[in-house]
Amino acid sequence: MYLFSLNRGFTEMHCMSGHSNFVSCVCVIPSNENYPRGLIATGGNDHNICIFTLDNTTPLYVLKGHKNTVCSLSSGKFGTLLSGSWDTTAKVWLNDKCMMTLQGHTAAVWAVKILPEQGLMLTGSADKTIKLWKAGRCERTFTGHEDCVRGLAILSDSEFLSCANDASIRRWQILGECLQIYYGHTNYIYSISVFPHDKDFVTTGEDRTLRIWKQGECAQIIRLPAQSVWSCCVLNNGDIVVGASDGIIRVFTESLERTASAEEIQAFENELSQATIDPKTSDLGDINVDDLPGREHLKEPGTREGQTRLIKDDRNVEAYQWSVSEERWIKIGEVVGSSGATQQTSGRVLYEGKEYDYVFTIDVNENGPSYKLPYNINDDPWLTAYNFLQKNDLNPMFLDQVAKFIIDNTKGQMLGNTGTELSDPFTGSGRYVPGSSSESNAVLAPDPFTGAGRYVPGSASNVVAPLSGIDPFTGRSAYQSNNAKAENIYFPKKEAVTFDQANPSQILGKLKELNGDAPEEQKLTEDDFIILEKILFITCNTTVETPTAQQLLTLWKAINWPEDIVFPALDILRLCIKHPSVNENFCSEKDSIQFSGHLLKFLSPNGKQANQLLALRTLCNCFVSQAGQRLMMEQRDTLMSHAIEVKLCGNKNIHIALATLTLNYAVCLHKVNNIEGKAQCLSVISTVMEVVQDLEAIFRLLVALGTLISDDTNAVQLAKSLGVDSQIKKYASVSEPAKVSECCRFVLNLL
């Protein structure tokens, strides 16, 4: 990679190296306190991301984690970096750590962008979709493109642009609506960039062109002496930088002060005039030398910027483009394979994102504009002519003339697919085909909870909710702010929060009542009830007794009841799991997977709410002993991803239990300082806060947030990048309970 300095032009400063194979993307990371000049990130075919300072030719550090080529990068606030890869994933990095992996695409992630609103990210993929992510979770999928999405550009907080291999550009609203589609390119569009403080933009692609779009129209076409124009970037001063397959970077400007010398411009035009144009990949339409005018045709001025005119010189065909500013025709190359050729020998043409056998150029009158008429050999020429006139608002009297033109110019043609295959700019081999990569190992696992046996969410009168006004940590009244300068007594939380309140006699009574509904082979005997009563006594009271193996087996039998009647057994489990020996038995390595898998069954979004609540409370209580903590941390990804699925239930007790589970994870993560775990926890907090209304649940989420970011600058930066600070500000003004606003202000002080 080469670094250039601007000094009446560009001069090379450094040649940076660190990758073992080609570099596919480059990104600037804005300046911060540690690196006031910013950093440079590069993604490569070696699966790595290299981070450079501007003063050193070797990497400051290397980010490893992707399993295939890193093909796109985007930087955000607070040092965050988003990367996309052929391995179908995107990753969020903070300094030298991977914070989270965004999984959901089924093919290469060619484009990534971090949106201005903190916490929002976009990914575009070869699976033809664009995904919007918030706090690490997919919020929305945008569909519409008919081929690989190759580039993204941000217009504002609420709008963005995308370009694709279908030769179209789309303008999207962040809420999901496609607002506009732009056509102009005749082949793959690789890159898109927006002008600063404007909604105008530029694009480059496989048709040898840089196109400048203003007010929704293609205002200028700049052709280059290279087939593939892979990348473009608009600088802060409005200059446009493009990189092409001839290995040259070119800068275009409107500024007279920065315009190249006459010699450089002439050299560029000479290079352009010597280029060869392949009709298969251009927008020149069908070509027949006998029908073309001679050089005298160039004496007539053009009618618009970028207008193309073909002339014959002996048996050669030359292409010229009209420059409005210079009022002259500029030669842009010679058309190869055009001597007597017609469209059937030059392959299919891409027009407005679709392939056609022919794309004719129609001049309705001598001084008017020309129109493109796409046509396939199996189309009805009369219907095509009619649609063409309707689309361009032309006089119907031309119908016979246009239809006859189509028939005359396609008579007797046997059309087939071209055998010519374009080269991929990154691999040199055939074009990337969506879904063909053997490297992709992303598998969409089936939902384990979509089979039979679902139950409509219900409620259980015997489930005891936390008493209103009782502080979950002390059991006393809620915290009160007595001093103007309050002391932070909320976080970092050191110990797990548990659900202890219960009425054992009520629970056993409900269990006996439902025993009659249990399948015959699962019914509990009178001895079983005595055993369960005994284990409840042991675990709910201070005693030296230890539950026996028989008692544990009876409990396991009860919690395997059918889902519609199992909730009182789950309530017993919730209480018993706090006992060290019960905790060790169910959470030990031998039985832990079976135990956690059994609880996960109850967290189905369509499951019974009483079961969801008690399963969450049981998971919270698992944290009281080392065996439970170990299991919960080992199964963190699975447990958290399932637990968050119940967030939309609307039940405040479930929300409190979900917030408590997050808090207990925060307590453990604070002790071990696991930044990837903290990233997942922060994502859950941000996601749950969007739907939770209950202030007790909000309070516990705030305590979890404060615990996660305490004494960890990386976690603080990550929380900022996810926009958590703006998300929680409203809780600083809550009057009752006072602990919510007090805790919120302490968290905001850290942020």
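We use all heavy atoms of the structure for the numbers below, so side chains are in, but hydrogens, waters and symmetry mates are not. Every value quoted in this text rests on a predicted model; they were computed, and no experiment measured them.
- A search for side-chain contact (heavy atoms from CB on, under 4.5 Å) contacts involving A260 returns E264, I265, not counting sequence neighbours.
- The closest side-chain heavy-atom distance from R250 to P225 is below 4.5 Å.
- S191 contributes a side-chain N or O that, together with a main-chain N or O of C232, makes up a donor-acceptor pair within less than 3.5 Å.
- Donor-acceptor pairing under 3.5 Å is recorded for the side chains of D239 and T253.
- A side-chain donor from one of T101 and K91 sits under 3.5 Å from a side-chain acceptor of the other.
- Residue L708 holds its CG atom at 6.0 Å from CG of L669, rounded to the nearest 0.5 Å.
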Let me see the working for R150 and E206 under salt bridge (Lys or Arg N to Asp or Glu O under 4.0 Å), right down to the final yes or no. CA-CA 12 Å; R150 298 299 289 263; E206 184 65 26; over 6 Å; no
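- Annotation for S686 and V724: closest pair CB-CG2, 4.4 Å, computed over non-hydrogen atoms.
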Let me see the working for F160 and I130 under side chain to side chain contact (heavy atoms under 4.5 Å, CB included), right down to the final yes or no. CA-CA 11 Å; F160 67 93; I130 301 161; 4.1 Å; yes
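- No side-chain heavy atom of N237 sits under 4.5 Å from any side-chain heavy atom of S255.
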Begin from the C-alpha positions of T53 and D55 and carry the test side-chain hydrogen bond (donor to acceptor under 3.5 Å, both in side chains) through to its verdict. CA-CA 5 Å; T53 64; D55 306 314; 5.1 Å; no
As a quick check of understanding, evaluate side chain to side chain contact (heavy atoms under 4.5 Å, CB included) for V229 and T209, giving each step before the final call. CA-CA 7 Å; V229 191; T209 68; over 6 Å; no
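- A distance-only check finds a donor-acceptor pair linking the side chain of Q321 to the backbone of I221 [under 3.5 Å].
- A 4.5 Å side-chain heavy-atom check between D96 and L60 finds every atom pair outside the cut-off.
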Show, in sequence, the C-alpha distance, side-chain angles and deciding distance for S721 and L94, and conclude whether the side chain to side chain contact (heavy atoms under 4.5 Å, CB included) test is met. CA-CA 9 Å; S721 70; L94 183 62; 5.9 Å; no
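- More than 12 non-hydrogen atoms from other residues, nucleotides or ligands lie less than 6.0 angstrom from NZ of K671.
- More than 12 non-hydrogen atoms from other residues, nucleotides or ligands lie less than 6.0 angstrom from CG of N56.
- When every heavy atom of K131 is checked against every heavy atom of T141, the shortest pair comes out as NZ-OG1, 2.9 Å.
- Within a 6.0 Å sphere centred on CD of Q173, other residues, nucleotides and ligands contribute more than 12 heavy atoms.
- Of all the heavy atoms in N68 and S85, the pair that sits closest is O-OG, 3.2 Å.
- Considering only heavy atoms from C-beta on, V251 stays 4.5 Å or farther from R258 through its side chain.
- Note that CD1 of I169 is 10.5 Å distant from OH of Y183, once rounded to the nearest 0.5 Å.
- You'll find the side chain of L705 reaches within 4.5 Å of the side chain of L682, heavy atoms only.
- Considering only heavy atoms from C-beta on, V149 stays 4.5 Å or farther from W110 through its side chain.
- The aromatic rings of F142 and W172 stand perpendicular to each other, their planes meeting at an angle above 60°, with 30° marking the opposite boundary.
- A distance of 7.0 Å separates NE2 of H14 from CG of L54, quoted to the nearest 0.5 Å.
- Annotation: the span from N48 atom CG to H19 atom NE2 amounts to 7.0 Å, rounded to 0.5 Å.
- The distance from the OG1 atom of T203 to the CG atom of L161 is 10.0 Å, given to the nearest 0.5 Å.
- A donor-acceptor contact under 3.5 angstrom links the side chains of Q266 and N270, judged on distance only.
- Listed here is the closest heavy atom pair of Y182 and R171: OH-NE, 3.3 Å.
- Side-chain N or O atoms of S24 include one that pairs as donor or acceptor with a backbone N or O of V70 at under 3.5 Å.
- The two residues G104 and W133 come nearest to each other via the heavy atoms N-CH2, 4.1 Å.
- Between the CZ atom in R223 and the OH atom in Y320 there is a gap of 14.0 Å [rounded to 0.5 Å].
- The local environment of CD in E326 is crowded, with over 12 non-hydrogen atoms from other residues, nucleotides or ligands closer than 6.0 Å.
- With hydrogens and angles ignored, the 3.5 Å screen pairs no side-chain donor or acceptor of N32 with any backbone N or O of F78.
- Side-chain N or O atoms of N165 include none that pairs as donor or acceptor with a backbone N or O of D147 at under 3.5 Å.
- Under the 4.5 Å side-chain criterion, counting only non-hydrogen atoms from C-beta, L224 is not in contact with D246.
- In terms of heavy atoms, L73 sits closest to G43 at CD1-N, 3.5 Å.
- A tilted orientation is assigned to the rings of W213 and H185, their planes being inclined by 30° to 60°.
- Listed by chain and residue number, H105, A107, D127 satisfy the side-chain contact (heavy atoms from CB on, under 4.5 Å) test with S125 (two or more places apart in sequence, or in another chain).
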Checking side chain to side chain contact (heavy atoms under 4.5 Å, CB included) for the pair L748/K729: CA distance, chi angles, key distance, verdict? CA-CA 8 Å; L748 288 173; K729 282 179 180 175; 4.1 Å; yes
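- With contacts defined as side-chain heavy-atom distances shorter than 4.5 Å, the pair I644/R137 qualifies.
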